[in-house]
Amino acid sequence: MIAIESHLKQLLMNALAPFGLKVTLDEIVIEKTKDPKFGDYATNVCLKFAKNISLKPIDLAKQLINQLKDPHLQKVEVAGPGFLNFFVKTETLTAVIQDILRLNDQFGKSQLGQGKRINLEFVSANPTGPMHVAHARAAALGDVIATLLTHVGYKVTREFYVNDAGGQIRNLALSIYMRYRELLGDKVTLPEDGYFGKDIIEIAKEVRHQYGDKIVSFDETFFKKIGVEKQLKRIQEDLILMGVHFDVYRSEQDVRNEGHIEKTLKKLAPFLYQDQGATYLKTTAYGDDKDRVLIKSDGQYTYFLPDIAYHQDKLSRNQDQLIDMLGPDHHGYIARMKAALAMLGYPADTLEILVMQLVTLTENGVEVKMSKRTGKGITLRDLVEEVGQDAARYFIAARSYHNPLEFDLDLAKTKTNVNPLYYAQYAHARLQSLLEAGKDLGLDSSGSGLDSIEELDLLKHLRLFPQVVNQAAQARETSIIAQYIQQLASYTHSFYTIRRVIDRDQPKLSAARLALVKASAQILKNSLAIFGIDALNKM
RNA sequence: GUCCCCAUAGCUCAGCUGGAUAGAGCAACAGCCUUCUAAGCUGUAGGUCAAACGUUCGAAUCGUUUUGGGGACGCCA
């Protein structure tokens, strides 16, 4: 299959040269037309560059058109104020069918990333309690972005940072201990910043079951270890519910124990200073709006210092680029972490931070804040149990991460056309049933005889898939794939309804249409696979 | 006060490396099943792209300002 956009760009670049216009490929914009009367593709180069050589756009277009002879083009027209409209030969458009049928699930993949290693850190929920809907969003998005990057040739490591050190974990340990004492009949006062959830009582019960009543004093290390283990296990169970797998769980405590902090401090030495007993990092030297404390006056580290050490640790594990996915409350953190990495000598684009916006849930048009079961905030588990893994993943990843997400629970549960995931699945199931019913007719992948609007729309859209995947990966925008899927499903349903595929009086045309059906089904499958969703053969 | 995100149809959202008449789904209305899955299709209606100014042959898209909404600004993590 010829990549028509780049082909046309090349053609235009060569054609413009004799006019004294030196234009790079990147400066030439080829766009898909909205209206078939403008052909298949259009360019605005004449509008853009005519004035450089003191011509009217329309005159340049008229002269240029004679240079634009090409075997793939049926004709080229000048339109409007100076657009060039390209009408592509049908044979060129149908060539995509053969490519898809040859490459199957490889169609759409590329080597754009050239094997570059990307470490994508996401979720990293604190092991102090159950994961909530915000974590669900991070989990689904991160996982789909990772798949997307893998598709375009990056080597991706999915990483979860376990915040198992620091004050909050001490609070967790203390909370479990107090609940444990409580079980033994003691009157206790829970720590002010403690954790009061039912999960803590459960853990205390398990501790008592396992160790009996013999623990008399607060052994911080012991309770931390127990607490983190239990909570992390729960988190991992939840991630499985979401269909998310991490390659690396990296413990903050390990990062600390392995001496990364000391090493990092040493490297940062030129940028450190003391003030009122605290150690500051001069992040303002690299664009932050104020300097940040690394070591508090009581000798404890802030969160920031181990986190710098952690980023250094990730990079030392042979990673070319880091991507962090964070919630909106962390946006202030971007400048300081980038500053720190710059001080450590890394190029500015080493760290990329995706700031994800908030999630709200609605039911019957009303925002749902509390879980019906627990009366607390809605957990990831509540969400998956309510709508299922596929819908949860699709609804989350179908929206751009940088906009707030309104998750409509009713919609995700609806098994009708209202639900975009069902719409796409239904399209796939219908195509599969055609292939089943028409398997005696064979497939004609040459595409000869396909010339209706419905067929051409579908063909043009199928051709776009590889570049859509690349574009989505580069923008880290899974929503672009969802848009593509909805459009593909729409073209598929129109084609299905309007053109009869299996017609035994016209076996040649049927075979050609079946090949198109097979190709379309394959791309529906490939695109859903990016979301980690299996296409359904029957519904 | 500073910073980040956002504002497009009644609702949920696309479109934003500037381009021809601003799109989709839902909701509303009118049609389409004796033949491949009606969980579908076709059509009608619905808009001051928050506002103003600017850049441009051309602005929903770029810039400035204003308004409105959400969030962040710790020796918390």
Side-chain angles (χ1 to χ4, degrees), chain A residues 26-27 29 31 33-35 37-38 42-44 47-48 50-51 56-57 79-83 85 124 126 128 163 165-169 171 193 252 275-280 289-290 292-304 306-307 327-335 355-358 360 362 365 398-408 411 414-427 429-438 454 471 479-480 482-483 486-487 489-490 492-504 510 513-514 517 538-539:
Chain A
D26 289 341
E27 288 174 296
V29 176
E31 52 185 22
T33 55
K34 291 173 206 157
D35 190 326
K37 78 177 179 217
F38 298 137
T43 183
N44 62 357
L47 294 154
K48 215 169 162 184
K51 70 174 162 203
K56 280 186 187 166
F83 288 99
N85 293 332
S124 297
N126 288 338
T128 52
N163 296 117
Q168 42 165 3
I169 297 299
N171 275 332
D193 307 324
E252 179 184 349
D275 187 33
Q276 300 189 1
T279 303
Y280 280 79
D289 51 7
K290 59 175 160 179
R292 306 291 168 174
V293 175
L294 294 185
I295 305 174
K296 298 186 249 176
S297 50
D298 65 0
Q300 297 273 348
Y301 301 142
T302 60
Y303 174 82
F304 187 35
D307 217 19
D329 49 333
H330 285 80
H331 92 263
Y333 166 97
I334 299 171
V355 177
M356 203 183 64
Q357 298 300 314
L358 296 168
T360 51
T362 60
R399 283 279 171 275
S400 174
Y401 64 86
H402 72 255
N403 286 337
L405 169 65
E406 185 170 313
F407 195 113
D408 186 334
L411 186 59
T414 309
K415 304 198 172 194
T416 66
N417 57 331
V418 187
N419 182 330
L421 179 54
Y422 272 85
Y423 185 74
Q425 290 284 25
Y426 184 44
R430 284 177 125 184
L431 296 182
Q432 286 301 328
S433 80
L434 287 178
L435 291 171
E436 184 61 30
E454 291 77 21
Q471 189 198 345
S479 60
I480 291 175
Q483 293 293 325
Q486 292 308 307
Q487 191 64 58
S490 172
T492 301
H493 284 304
S494 291
F495 167 65
Y496 182 98
T497 306
I498 295 171
R499 302 292 154 190
R500 184 168 178 81
V501 172
I502 297 171
D503 181 350
R504 287 173 205 284
S510 293
R513 285 182 171 167
L514 280 167
V517 162
K538 276 189 182 153
M539 286 175 74

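Worth saying up front: this structure is predicted, and the values here are computed from it rather than measured. Keep in mind that the numbers below use all heavy atoms, side chains included, and drop hydrogens, waters and symmetry copies. Residue numbers begin at 1 in each chain, while the letters A, B, ... track the order of the sequences.
A donor atom on one side chain and an acceptor atom on the other are not found under 3.5 Å apart for A:N163 and A:Q168.
Closest heavy-atom contact between A:P420 and A:Q486: O-NE2, 3.2 Å. For the pair A:F495 and A:E454, the tightest heavy-atom approach, listed with the atom from each and the gap, is CA-CB, 3.9 Å. The two residues A:S400 and A:S479 make their nearest non-hydrogen contact at N-CB, 3.5 Å.
Between B:rC49 and B:rA22, the distance separating the two P atoms is 10 Å to the nearest Å. Spacing between B:rA27 and B:rG46 at atom C1', rounded to whole Å, works out to 11 Å. When the P atom is compared between B:rU65 and B:rC3, the two are found 10 Å apart, to the nearest whole Å. Rounded to a whole angstrom, the distance from the C1' atom of B:rG68 to that of B:rA14 is 23 Å. For the C1' atom pair drawn from B:rA9 and B:rU48, the interatomic distance equals 13 Å after rounding to whole Å. Straight-line distance between the C1' atoms of B:rG70 and B:rG31: roughly 44 Å, to the nearest whole Å. Between the P atoms of B:rG69 and B:rU17, the separation comes to 29 Å (whole Å). B:rG58 and B:rA45 have their P atoms separated by 31 Å, given to the nearest Å.
Cation-pi geometry between A:R292 and A:F304 is not met at under 6.0 angstrom from the ring centre and within 45 degrees of the axis.
Toward the 5′ end of RNA chain B lies the nearest nucleotide of A:A42, the other residue of the pair A:H493 and A:A42 mapping further downstream.
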Quiz item: Which letter, B, S or -, goes with each nucleotide of nucleotides 71-77 of chain B from 5' to 3', with contact meaning a protein heavy atom under 4.0 Å?
Solution: BS-SBSB
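The CD atom of A:E436 lies 13.5 Å from the CG atom of A:L431; values are rounded to the nearest 0.5 Å. Within the model, atoms CG of A:D307 and OG1 of A:T302 stand 9.0 Å from one another, a figure rounded to the nearest 0.5 Å. Taking CD of A:E252 as the start and CD1 of A:I169 as the end, the distance is 8.0 Å to the nearest 0.5 Å. Taking CZ from A:F83 and CG from A:N44, the interatomic distance works out to 6.5 Å, rounded to the nearest 0.5 Å. Between the NZ atom in A:K296 and the OH atom in A:Y301 there is a gap of 12.0 Å [rounded to 0.5 Å].
Protein atom CZ of A:F495 is 11 Å distant from nucleotide atom C1' of B:rC36, rounded to whole Å. Between the CD1 atom of A:I498 and the P atom of B:rC32 there is a distance of 16 Å, rounded to whole Å. A:I334 places its CD1 atom 20 Å from the P atom of B:rU2, with the value rounded to the nearest Å. Following rounding to the nearest Å, A:Y496 (OH) and B:rA39 (P) show an atom-to-atom distance of 11 Å. Taking atom CG on A:L405 and atom C1' on B:rU12, their separation rounds to 11 Å, with Å as the unit. Straight-line distance from the CZ atom of A:F38 to the C1' atom of B:rG19: 11 Å, rounded to whole Å. Whole-Å rounding puts the A:I502 CD1 to B:rU37 C1' distance at 12 Å. Going from atom NE2 of A:H402 over to atom C1' of B:rA7 covers 13 Å, rounded to whole Å.
If you check every strand for non-hydrogen atoms under 4.0 Å, A:R513 touches nothing. Note on A:A79: a base of the nucleic acid sits closer than 4.0 angstrom, heavy atoms only.
Of the possible polar contacts, one joining the A:S510 side chain to the A:V501 backbone as a donor-acceptor pair under 3.5 Å is found. With hydrogens and angles ignored, the 3.5 Å screen pairs a side-chain donor or acceptor of A:H493 with a backbone N or O of A:Y423.
Stacking of A:F83 onto the six-membered ring of B:rA20 is present: less than 5.5 angstrom between centres, less than 30° between planes.
Residues A:F407 and A:R399 form no side-chain contact, since every pair of their non-hydrogen atoms from C-beta on lies 4.5 Å or further apart. The shortest distance between side-chain heavy atoms of A:T360 and A:E406 falls below 4.5 Å.
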Restricting both atoms to N or O, compile the protein contacts to nucleotides 14-16 of chain B shorter than 3.5 Å, with distance only.
residue: B:rA14; atom: OP1; partner: A:N403; partner atom: ND2; Å: 3.2
residue: B:rA14; atom: O2'; partner: A:Q483; partner atom: OE1; Å: 2.8
residue: B:rA14; atom: O2'; partner: A:Q483; partner atom: NE2; Å: 3.4

Self-check item: Intra- and interstrand pairs of RNA chain B - dot-bracket, Watson-Crick/G-U under 3.5 Å, | marks other strand
Solution: (((((((..((((.....[...)))).(((((.......))))).....(((((..]....))))))))))))....
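The phosphate of B:rU37 (OP1 or OP2) has a side-chain N or O of A:S433 nearer than 4.0 angstrom. Contact annotation: A:Y423 reaches the phosphate of B:rC41 (side-chain N/O to OP1 or OP2, under 4.0 Å). Side-chain N/O atoms of A:T362 include none lying less than 4.0 angstrom from OP1 or OP2 on B:rU12.
The side chain of A:R500 has B:rC36 as its nearest neighbour among B:rC41, B:rA39, B:rC36.
Using a 90° window around 0 for the glycosidic torsion, B:rC49 falls outside it and is classed as anti.
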